[in-house]
Amino acid sequence: MVAGAFWLLVYGLEPERWDALSRSESIPPGLLEALPPADRVLEVAAGSGRLTCVLESRAETLIAIEPSRPLEVVLRSRTAAAKVVAGVGQALPIRSGWADLTVSCASFGPDAPFGGPGILAEMERCTRRGGTVALVGPESPAWFEGKGYRAQRFEPLRLETPAELAGFFGPRLTPPCDLLLKKIE
């Protein structure tokens with residue numbers, strides 16, 4: 001709960017720090033290539049657009065959900081193709097079965113209220129049969145594997161984390177390098 005509160009405060013009060021962190025933690029190209037192709041993509045908790053900017057060139061229609069108003073402002077300034085919508089993972093404002101691919105990057109873990117079965121069920125609800133839910137760099141990948149997700153691990157890109165970010169967020173920063181996929185039946 002404390003960790004979740006920390007992140008909510010960062011997103012709301014220091015969005016530029018979150019943006020700088022997400023820009024310094026690049027997603028491995030192999031992981032991005034492993035995302036299945038899709039016409040309709042739903043990105044949940046899009047943040048400042050680290051993944052959105054990649055997805056918008058690959059999707060015919062992209063909806064990016066972001067609950068933090070300050071991050072939503074940054075996201076809107078970065079993307080021209082995505083439809084940015086305010087919303088939370090526990091109650092996604094998307095009709096059931098809309099997405100071919102529902103994806104989230106470094107956003108959720110196994111514990112409520114900032115993750116858990118409720119958010120996972122919502123993401124799966126929004127994904128059509130035969131579509132895929134993809135989690136990039138989630139907390140506790142083994143928990144998702146226990147829920148039927150198949151894990152792939154990619155070599156993280158080793159970039160120098162700026163000292164200011166390491167001082168604020170802590171020394172154990174790890175870029176997203178796990179990809180967990182589940183085809184919806």
Side-chain angles (χ1 to χ4, degrees), residues 18-19 21-67 71-72 74-76 78-85 87-89 92-110 114-115 119-159 173-185:
W18 165 251
D19 184 46
L21 177 65
S22 71
R23 287 172 164 270
S24 73
E25 295 183 334
S26 297
I27 301 169
L31 188 153
L32 296 171
E33 292 166 10
L35 288 171
D39 289 334
R40 292 179 303 182
V41 177
L42 171 63
E43 183 183 10
V44 180
S48 59
R50 166 179 31 193
L51 186 57
T52 315
C53 294
V54 173
L55 294 172
E56 73 180 345
S57 67
R58 298 173 50 174
E60 187 175 304
T61 305
L62 171 61
I63 298 175
I65 306 289
E66 177 49 48
L71 288 179
E72 182 186 334
V74 174
L75 179 61
R76 285 182 190 281
R78 288 234 165 89
T79 179
K83 179 179 180 185
V84 178
V85 177
V88 296
L92 294 170
I94 303 296
R95 70 176 159 80
S96 297
W98 178 84
D100 300 315
L101 173 64
T102 300
V103 63
S104 187
C105 181
S107 300
F108 301 116
F114 308 111
I119 291 175
L120 205 54
E122 271 295 279
M123 292 177 71
E124 292 178 8
R125 177 191 64 77
C126 293
T127 309
R128 70 167 175 79
R129 284 187 166 179
T132 302
V133 175
L135 304 168
V136 177
E139 293 176 25
S140 307
W143 183 83
F144 292 97
E145 288 181 88
K147 303 290 182 203
Y149 284 74
R150 183 177 44 87
Q152 299 175 47
R153 182 155 180 90
F154 296 83
E155 190 64 34
L157 297 177
R158 295 291 173 200
L159 303 174
L173 299 175
T174 305
C177 57
D178 294 312
L179 175 62
L180 287 98
L181 298 170
K182 182 176 182 181
K183 188 170 257 301
I184 302 302
E185 304 296 326

Q: Quick one: which residue pairs count as a salt bridge (charged side-chain N to carboxylate O under 4.0 Å, His left out) with a foot in residues 45-65, not counting sequence neighbours?
A: Glu25-Arg50

Q | From CZ (Phe144) to CG (Leu180), nearest 0.5 Å | A | 7.5 Å

Q. Got Thr127 and Thr132 here, is their nearest side-chain heavy-atom distance under 4.5 Å?
A. no

Q | Glu124: salt bridge (Lys or Arg N to Asp or Glu O under 4.0 Å) partners, not counting sequence neighbours | A | Lys182

Q. Arg40: what forms a side-chain hydrogen bond (donor to acceptor under 3.5 Å, both in side chains) with it, not counting sequence neighbours?
A. none

Q.
If I compare all heavy atoms of Leu179 with all of Phe154, which pair ends up nearest, and what's the gap?
A. CB-CE1, 4.0 Å

(Q) Can you list everything that forms a side-chain hydrogen bond (donor to acceptor under 3.5 Å, both in side chains) with Arg153? Sequence neighbours excluded, please. (A) Asp178

**Q.** Euclidean distance, Arg78 CZ relative to Leu71 CG, rounded to 0.5 Å
**A.** 10.0 Å

Q | From Lys83 atom NZ to Glu43 atom CD, the distance as rounded to the nearest 0.5 Å | A | 15.5 Å

Q: Only pairs at least two apart or in different chains count here, so list each salt bridge (charged side-chain N to carboxylate O under 4.0 Å, His left out) that has a residue in residues 127-136.
A: Asp100-Arg128

(Q) Looking at every heavy atom in both Glu66 and Ala45, which two are closest together, and how far apart are they? (A) OE1-C, 3.4 Å

Q: Would you sort out whether Ile94 and Thr102 count as a side chain to side chain contact (heavy atoms under 4.5 Å, CB included), showing the intermediate values?
A: CA-CA 11 Å; Ile94 303 296; Thr102 300; over 6 Å; no

Q. Do the side chains of Val41 and Ile63 get nearer than 4.5 Å, heavy atoms only?
A. no

(Q) Please give me the minimum heavy-atom distance between Pro176 and Gly137, naming the atom from each residue. (A) CB-CA, 3.9 Å

Q: Find out whether Asp39 and Thr61 are in side-chain contact, i.e. whether some heavy atom of one side chain is under 4.5 Å from a heavy atom of the other.
A: no

Q) Residues two or more places apart in sequence or in another chain: which of them pass side-chain contact (heavy atoms from CB on, under 4.5 Å) with Ser96? A) Arg125

Q. Rounded to the nearest 0.5 Å, how far apart are NZ of Lys183 and OH of Tyr149?
A. 13.0 Å

Q | Shortest non-hydrogen separation from Thr79 to Ala82 and the atoms involved | A | OG1-N, 3.2 Å

Q: Begin with the C-alpha distance, continue with both residues' side-chain angles, and end with the deciding distance and a verdict on side chain to side chain contact (heavy atoms under 4.5 Å, CB included) for Val44 and Val103.
A: CA-CA 6 Å; Val44 180; Val103 63; over 6 Å; no

Q. Within the side chain of Ser22, is there an N or O that forms a donor-acceptor pair under 3.5 Å with the backbone of Asp19?
A. yes

**Q.** Evaluation steps, side chain to side chain contact (heavy atoms under 4.5 Å, CB included), between Leu120 and Lys147
**A.** CA-CA 9 Å; Leu120 205 54; Lys147 303 290 182 203; 4.1 Å; yes

Q) Is the shortest heavy-atom distance from the side chain of Leu42 to the side chain of Leu101 under 4.5 Å? A) no

Q: Measure across Trp143 and Gly109 and return the closest heavy-atom pair with its distance rounded to 0.1 Å.
A: CZ3-O, 4.5 Å

Q) Rounded to the nearest 0.5 Å, how far apart are CG of Leu31 and OG of Ser26? A) 12.0 Å

Q: Please report the closest heavy-atom contact between Ile27 and Cys105, naming both atoms and the distance.
A: CD1-SG, 3.8 Å

Q. Can you check side chain to side chain contact (heavy atoms under 4.5 Å, CB included) on Leu92 and Ile65, steps first, answer last?
A. CA-CA 8 Å; Leu92 294 170; Ile65 306 289; 4.1 Å; yes

Q | Under 3.5 Å: donor-acceptor pair, side chain of Ser107, backbone of Ser104 | A | no

Q. Hey, does the side chain of Thr52 reach the backbone of Ser48 with a donor-acceptor pair shorter than 3.5 angstrom?
A. no

